[in-house]
Amino acid sequence: MAALKPALVFIGFMGAGKTRAAREAAAALGVPADDADALLEAKLGEPIAAHFDREGEAAFRATEEELCGKLLENADGGVIALGGGALQSERVRAALARHVVALVDVDLDTAWERARDSGRPLARDRAAFEALYRDRAPVYEQAADAIIIGGGRGALDALLHIPEGHLLIWTRAASGAYPVWIGPIDRAPLPEQGRRLLVTDETVAALHAARVPGSAGIIEIPPGEQHKTLETAERVWSALAAQGATRADHVVALGGGVVGDLAGFCAATYQRGIGIVHVPTTLVAQVDSAYGGKTGVDLPEGKNYVGAYHQPTAVLTDPAFLATLPPEEFAAGYAEVLKTALIAGGTLWDRVSAGDAIDDAMIAGCVRTKLRVVANDERDAGARQILNLGHTIGHAIETTTGYARYRHGEAVGLGLLAALRLSGQDALRDLALDLLVHAGLPTHLDGAEPQAVAAATARDKKRTGEAVPFVLVDAPGRVTPGHTVGASELLAAVRELCAP
Ligand code: NAD
Ligand code: ZN
């Protein structure tokens with residue numbers, strides 16, 4: 001007997017949209033979709049909620065396990081949507097192993113909005129719903145070969161070609177959808193799109209340029225934030241022109257956030273826009289800067305003052321690149337991990353706050369958090385601003401110290417401490433301080449006058465009127481933008497960073 005073919009199985013929490021994702025995928029493949037909940041209701045002869053209420057959860061789970069277990073064990077190709085609770089069964093989890101498992105992402109508030117009025121038995125009480133959401137999250141993550149954020153349209157081809165050892169994160173924002181591949185670069189699917197022009201910095205070129213095959217040309221820039229300028233951009237534009245690059249070709253940015261931001265900006269503007277693929281090689285870039293489509297360069301007047309939104313064609317994230325990263329650069333990335341974990345709450349926060357070492361799952365958690373925020377607000381109209389937690393003061397520190405004294409991540413670490421104080425989160429600030437120290441990051445601000453730093457926040461790009469809006473923290477997982485902070489409070493929070 002020939003081996004059974006893997007099925008494409010959609011999993012996720014209540015209200016994630018698994019049924020719809022399965023239906024869309026099945027339609028594209030020209031096969032029917034099996035919806036486990038619908039099959040269960042047919043078998044029970046009544047709605048799940050009615051059975052659940054009368055017979056209790058344990059009886060329902062036993063029936064569910066039997067049906068889903070069989071469905072998965074016997075599946076020969078095809079598309080399946082599983083109910084949100086099916087993965088509680090070990091039999092179901094084991095049966096999933098041979099299939100392609102796509103986790104349809106949904107945030108807690110959206111899930112609650114969708115599920116509360118649906119009559120689902122486990123969506124009647126918000127606190128219980130929230131606890132269930134938290135409990136199940138790691139189970140889903142563990143099982144997933146792919147995570148779908150913002151809807152799965154267009155993801156099918158990627159879902160059917162996930163290389164061994166890779167996690168696919170498929171994301172959709174206003175201006176387009178793209179895959180993020182987390183895993184070994186050698187097996188990652190580099191997009192084919194005309195000629196491949198590699199932009200990298202001199203340090204990364206020597207270490208890793210050979211890992212990106214098939215480049216028609218390599219454009220090297222000097223490393224460091226001080227080179228994220230229009231002058232360097234002009235050199236890259238000219239080099240692209242000299243190589244005869246056209247809009248049919250694409251740029252691959254191999255490097256940290258400086259290369260990514262600058263190459264992305266050059267790709268956004270060269271001939272009014274050519275494709276960009278990011279291959280991030282620093283922790284900052286792997287957890288943050290390579291995703292979301294913000295590109296740009298600095299002016300002496302302010303950081304990232306000139307730029308454009310330009311979503312990548314794909315992002316290839318190989319954590320193995322980090323092996324050559326100097327410890328100070330790794331530490332700088334840790335500040336962005338801490339920021340992202342504060343925004344995410346949940347499992348990511350649990351792991352980061354416990355002081356766990358950074359691993360692939362943690363990187364994936366950061367990527368997922370950022371992309372979820374961007375999917376809701378690509379152009380920074382509101383919600384995306386939470387990603388700027390710690391950055392208002394962080395950027396002011398960078399500007400005031402001429403981009404030379406602190407790495408971006410180091411400045412963000414200091415900015416996070418100030419933001420937690422301004423949030424009135426004294427205990428969280430203490431914890432963050434410990435984590436930053438442990439990561440080898442500075443927690444003391446030298447070489448800048450507090451007044452100058454406070455004044456520099458007023459030049460922040462996020463400012464739209466008189467006051468600079470601050471991102472503040474209520475609790476891990478509850479971070480909100482648009483807060484007004486008094487001048488004296490702000491100055492005190494910066495002064496505290498400079499105190500001996
Ligand atoms: P970076 O790009 O300057 O890299 C840091 C240093 O590490 C450089 O000297 C580089 O040559 C070296 N390096 C890179 N990869 C290496 C590797 N694998 N092994 C050894 N050395 C390696 O800095 P960064 O911290 O990656 O990025 C900071 C920049 O990212 C800032 O300009 C910041 O504004 C930007 N950023 C952008 C976004 C965004 O959304 N676009 C988000 C966060 C940060
Ligand atoms: Zn940052």
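Just so you know, these numbers come straight off a predicted model, no measurement behind them. All ligand and atom numbering here is 1-based and tracks the order in the structure. Values reported hereafter were calculated over all heavy atoms of this structure, with side chains retained and with hydrogens, waters and symmetry mates removed. Residue indices begin at 1 and follow the sequence shown.
Checked against Leu417 for a side-chain contact (heavy atoms from CB on, under 4.5 Å), the options Leu422, Val412, Leu436 give a single hit: Leu436.
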Applying side-chain contact (heavy atoms from CB on, under 4.5 Å) to Trp170 and Leu159, what does each step give before you reach the verdict? CA-CA 9 Å; Trp170 179 267; Leu159 285 169; over 6 Å; no
Worked verdict on His227 versus Asp201 for side-chain contact (heavy atoms from CB on, under 4.5 Å): CA-CA 10 Å; His227 298 291; Asp201 72 30; over 6 Å; no
Test Asp356 against Val352 for side-chain contact (heavy atoms from CB on, under 4.5 Å), laying out the working first. CA-CA 6 Å; Asp356 286 9; Val352 170; over 6 Å; no
Check the pair Ile393, Leu414 against side-chain contact (heavy atoms from CB on, under 4.5 Å), reporting the backbone distance first and the verdict last. CA-CA 8 Å; Ile393 291 173; Leu414 291 165; over 6 Å; no
Let me see the working for Phe265 and Trp237 under ring-ring contact (aromatic ring centres under 6.0 Å, His included), right down to the final yes or no. CA-CA 10 Å; Phe265 176 62; Trp237 286 318; 5.8 Å; yes
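Glu225 OE1, 2.5 Å is the protein heavy atom nearest to atom 32 (O) of ligand 1. Protein heavy atom closest to atom 33 (C) of ligand 1, with residue, atom name and distance, is Lys303 NZ, 3.5 Å. In terms of protein heavy atoms, atom 10 (C) of ligand 1 is closest to Asp201 OD2, 3.2 Å. The protein non-hydrogen atom at the shortest distance from atom 35 (C) of ligand 1 is Asp261 OD2, 3.3 Å. When hydrogens are left out, the protein atom nearest atom 14 (C) of ligand 1 is Thr282 CG2, 3.2 Å; that is the closest non-hydrogen contact. Counting protein heavy atoms only, atom 15 (N) of ligand 1 is closest to Thr281 OG1, 2.7 Å. Nearest non-hydrogen protein atom to atom 22 (C) of ligand 1 is Leu325 CD1, 3.6 Å.
With a 4.0 Å heavy-atom cut-off, ligand 1 is reached by the side chain of Lys228 but not by its N, CA, C or O. The parts of Ser289 lying near ligand 1 are both backbone and side chain, judged by heavy-atom distances below 4.0 Å. If you look at Thr324 next to ligand 1, the close heavy atoms, those under 4.0 Å, come from the backbone and the side chain alike. Contacts between Leu322 and ligand 1, counted as non-hydrogen atom pairs separated by less than 4.0 Å, are absent for every part of the residue. Contacts of Leu207 with ligand 1, taken as heavy-atom pairs under 4.0 Å, involve the side chain alone. When heavy-atom distances to ligand 1 are checked against a 4.0 Å cut-off, Asp298 has no atom that comes that close, whether in backbone or side chain. At a 4.0 Å heavy-atom cut-off, ligand 1 touches Pro326 through the side chain alone.
Proximity annotation for atom 25 (O) of ligand 1: of Val258, Val284, Asn388, Leu387, Val284 comes nearest, heavy atoms only.
In this model, a donor atom of one side chain and an acceptor atom of the other lie less than 3.5 Å apart for His408 and Glu398. Judged by distance alone, the side chains of Asn304 and Lys228 do bring a donor and an acceptor atom under 3.5 Å apart. Counting only N and O atoms by type, the side chains of Thr110 and Asp107 include a donor and acceptor under 3.5 Å apart. Using a 3.5 Å distance cut-off with no hydrogens or angles, the side chains of Tyr291 and Thr317 do pair a donor with an acceptor. Using modelled atom types and a 3.5 Å distance limit, the side chains of Thr480 and His483 yield a donor-acceptor pair. Under 3.5 Å, the side chains of Thr281 and His208 contain no donor-acceptor pair of N or O atoms.
The Thr203 neighbourhood of ligand 1 comprises atoms 11 (O), with distances under 4.0 Å to a heavy atom of that residue. If you number the atoms of ligand 1 from 1 as listed, the ones under 4.0 Å from a heavy atom of Gly256 come out as 2 (O), 26 (O). Near Pro223, meaning under 4.0 Å from one of its heavy atoms, ligand 1 places the atoms 9 (O), 11 (O). Using a 4.0 Å cut-off to heavy atoms of Glu329, the atoms of ligand 1 that qualify are 5 (C), 6 (C), 7 (O). Annotation for ligand 1: atoms under 4.0 Å from non-hydrogen atoms of Asn304 are 34 (O). Taking a cut-off of under 4.0 Å to the non-hydrogen atoms of Phe321, the atoms of ligand 1 that pass are 18 (N).
Of the polar atoms of Gly257, at least one N or O is found under 3.5 Å from an N or O of ligand 1, judged by distance alone. When only interatomic distances are considered, the shortest N/O to N/O separation between Val204 and ligand 1 does not fall below 3.5 Å. Residue Lys294 has at least one nitrogen or oxygen atom sitting less than 3.5 Å from a nitrogen or oxygen atom of ligand 1, judged on distance alone. The N/O atoms of Glu336, backbone and side chain alike, include none that comes under 3.5 Å of an N/O atom in ligand 1. Backbone and side-chain nitrogen or oxygen atoms of Asp288 are examined, and none is located within less than 3.5 angstrom of a nitrogen or oxygen of ligand 1.
Excluding waters, the set of protein N, O or S atoms lying under 2.8 Å from the Zn ion (ligand 2) comprises Glu336 OE2, His391 NE2, His408 NE2.
Taking a 4.0 Å cut-off on heavy atoms, His408 registers as neighbouring ligand 1. Contact between His208 and ligand 1 is present, with at least one heavy atom of the residue lying under 4.0 Å from the ligand. By the 4.0 Å heavy-atom criterion, Lys370 is counted among the residues contacting ligand 1. A heavy-atom separation below 4.0 Å is not found between Gly264 and ligand 1.
We find that Arg429 and Glu496 are joined by a salt bridge, their nearest charged nitrogen and carboxylate oxygen being less than 4.0 Å apart. A salt bridge is absent between Arg187 and Glu164; no separation between the charged side-chain nitrogens and carboxylate oxygens falls under 4.0 Å. The existence of a salt bridge linking Asp261 and Lys294 is excluded, since no basic side-chain nitrogen approaches an acidic carboxylate oxygen closer than 4.0 Å. A salt bridge between Asp186 and Arg211 is present, with a side-chain N of the basic residue lying under 4.0 Å from a carboxylate O of the acidic one.
Because its NZ or CZ atom is not both nearer than 6.0 Å to the ring centre of Phe10 and within 45° of the ring axis, Arg20 does not count as a cation-pi partner of that residue.
Closer than 4.0 Å to atom 42 (C) of ligand 1 lies at least one heavy atom of the protein.
Considering only residues two or more places apart in sequence or on other chains, Ala253 meets the side-chain contact (heavy atoms from CB on, under 4.5 Å) condition with Val259, Ala263, Ile276, His278. In this structure, Gln286 has no side-chain hydrogen bond (donor to acceptor under 3.5 Å, both in side chains) partners at least two apart in sequence or on a different chain. The ring pair (Phe, Tyr, Trp, His ring centres under 6.0 Å) check on Trp349 picks up nothing, with sequence neighbours excluded.
Using bins of under 30°, 30° to 60° and over 60° for the plane-to-plane angle, the ring pair Trp181/His166 lands in the perpendicular bin.
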